[in-house]
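One structure is given below, encoded as structure tokens.
The basis for the numbers below is simple: all heavy atoms, side chains too, and nothing from hydrogens, waters or symmetry mates. What you see is a predicted model, and the numbers here were worked out from it, not measured in a lab. Position 1 is the first residue of the sequence; numbering continues from there.
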Amino acid sequence: MDEPNRSVGVGEDVLLGRCERCEWSVTAGSHSAVVVAYQDHLRERHPEAWLRG
Ligand SMILES: [Zn+2]
């Protein structure tokens, strides 16, 4: 999984995800991790959008 020496925002493996509905953003080491974080954000901040998928 994640390597301890990896720095956020530097490596090519770090992905950035942004919310289309607010200023929220997330960085994660894999596409799936970005998706999970974004789904959590939607559920908490935009429940209507989350319910629609
Ligand atoms: Zn949002």
Side-chain angles (χ1 to χ4, degrees):
M1 297 299 286
D2 293 337
E3 298 174 13
N5 292 334
R6 183 166 294 164
S7 298
V8 174
V10 175
E12 295 180 354
D13 293 330
V14 176
L15 301 176
L16 172 65
R18 286 194 178 93
C19 179
E20 297 177 352
R21 296 171 177 82
C22 71
E23 297 301 315
W24 179 91
S25 66
V26 63
T27 53
S30 69
H31 179 72
S32 61
V34 171
V35 171
V36 169
Y38 182 55
Q39 291 297 321
D40 286 345
H41 169 73
L42 283 182
R43 186 176 60 226
E44 293 180 1
R45 299 296 183 177
H46 314 289
E48 291 184 2
W50 179 69
L51 290 173
R52 293 174 188 170

Would one find more than 12 heavy atoms of other residues, nucleotides or ligands at under 6.0 Å from atom CZ of Arg21? yes
If you compare all heavy atoms of Gly17 against all heavy atoms of Val34, which two are closest, and at what distance to 0.1 Å? CA-CG1, 3.8 Å
Distance in Å, Trp50 CH2 paired with Glu44 CD, rounded so as to fall on 0.5 Å steps: 10.5 Å
Name all residues meeting the side-chain hydrogen bond (donor to acceptor under 3.5 Å, both in side chains) criterion together with Ser30; count only those two or more places apart in sequence or in a different chain, and write none if there are none. Ser32
Interatomic distance, Tyr38 atom OH to Glu20 atom CD [nearest 0.5 angstrom]: 5.0 Å
I'd like to know whether CZ of Arg18 has more than 12 heavy-atom contacts from other residues, nucleotides or ligands below 6.0 angstrom. no
If you look only at pairs with a residue in residues 23-32, which of them pass as a salt bridge (Lys or Arg N to Asp or Glu O under 4.0 Å), with sequence neighbours excluded? none
Parallel, tilted or perpendicular for His41 and His46, by the 30°/60° rule? perpendicular
Going by side-chain contact (heavy atoms from CB on, under 4.5 Å), name the residues that satisfy it together with Val36, two or more places apart in sequence or in a different chain. Asp40
